[in-house]
Amino acid sequence: MNTTRTTRIRTLTNLTRLTRLTVANRVSAAYLTAVGGAMAVAALTPLFATSPDASLIWIWPALFTFPAFGFVAWLGESLWGGEAPTWFFIGGIVLSALVQSLALGAAWEGLRDRRRGRRRGRLTTAR
């Protein structure tokens, strides 16, 4: 019975750490703000623009999330053959931004810990 409680506490702690790495540091917050701003501008531009090229503004959120969004674009092409629904690409941009924000947060924390001289889980040679 104590083991299940410990497992739940560890799971909650790990989820809290992942959330903190994804959204609760300067680098991740700045990145998510830039992607969110690009998505807001992309969503509002076709409402006020009269040009037929107004929908091309969606390239900016995709470029901000590019390394991860490349997989989403490939998946949409292979599943729907170039006619992927809009929800798939918008969801892909959001998911790509969250994945990259997690990677940025982990890199930031690693660099910050290294600068402060803390090392977690340091590997040593077996004796």
Which distance, rounded to the nearest 0.5 Å, do you find between the CG of D53 and the OG1 of T45?
-> 12.5 Å

Taking all non-hydrogen atoms of both residues, which atom of I93 and which atom of A62 are closest, and how far apart?
-> CD1-N, 4.2 Å

Taking a hydrophobic cluster as the set of Ile, Leu, Val, Met, Phe, Trp and Tyr residues connected by side-chain heavy atoms closer than 4.5 Å, whether directly or through intermediates, do V27 and Y31 fall within one such cluster?
-> yes

Shared hydrophobic cluster for V23 and L104 (ILVMFWY, side-chain gaps under 4.5 Å) | yes

Set of side chain to side chain contact (heavy atoms under 4.5 Å, CB included) partners for L98, sequence neighbours left out = T22, L32, V94

Using a 4.5 Å cut-off on heavy atoms from C-beta on, say whether the side chain of R17 contacts that of E109.
-> yes

Are any of the side-chain heavy atoms of L95 and V72 separated by less than 4.5 Å?
-> no

Transitive ILVMFWY cluster of L47 at side-chain heavy atoms under 4.5 Å: who else is in it?
-> L44, F48

Not counting sequence neighbours, which residues clear ring-ring contact (aromatic ring centres under 6.0 Å, His included) with W74? List them please.
-> F71

Under 4.5 Å between any side-chain heavy atoms of M39 and W58, yes or no?
-> yes

Heavy-atom side-chain proximity of F69 to F64 below 4.5 angstrom = no

For F88, enumerate each residue passing the ring-ring contact (aromatic ring centres under 6.0 Å, His included) test, keeping only those at least two apart in sequence or located in another chain.
-> W80

Is a donor on one side and an acceptor on the other found under 3.5 Å between the side chain of S28 and the backbone of N25?
-> no

Find out if a path of hydrophobic residues (ILVMFWY) with successive side-chain heavy-atom gaps under 4.5 Å connects L18 to W108.
-> no

For A103, what residues pass the side chain to side chain contact (heavy atoms under 4.5 Å, CB included) criterion, not counting sequence neighbours?
-> none

Nearest non-hydrogen partners of Q100 and A68, listed with the distance = OE1-N, 3.0 Å

Which residues share a side chain to side chain donor-acceptor pair (under 3.5 Å) with T65, sequence neighbours left out | none

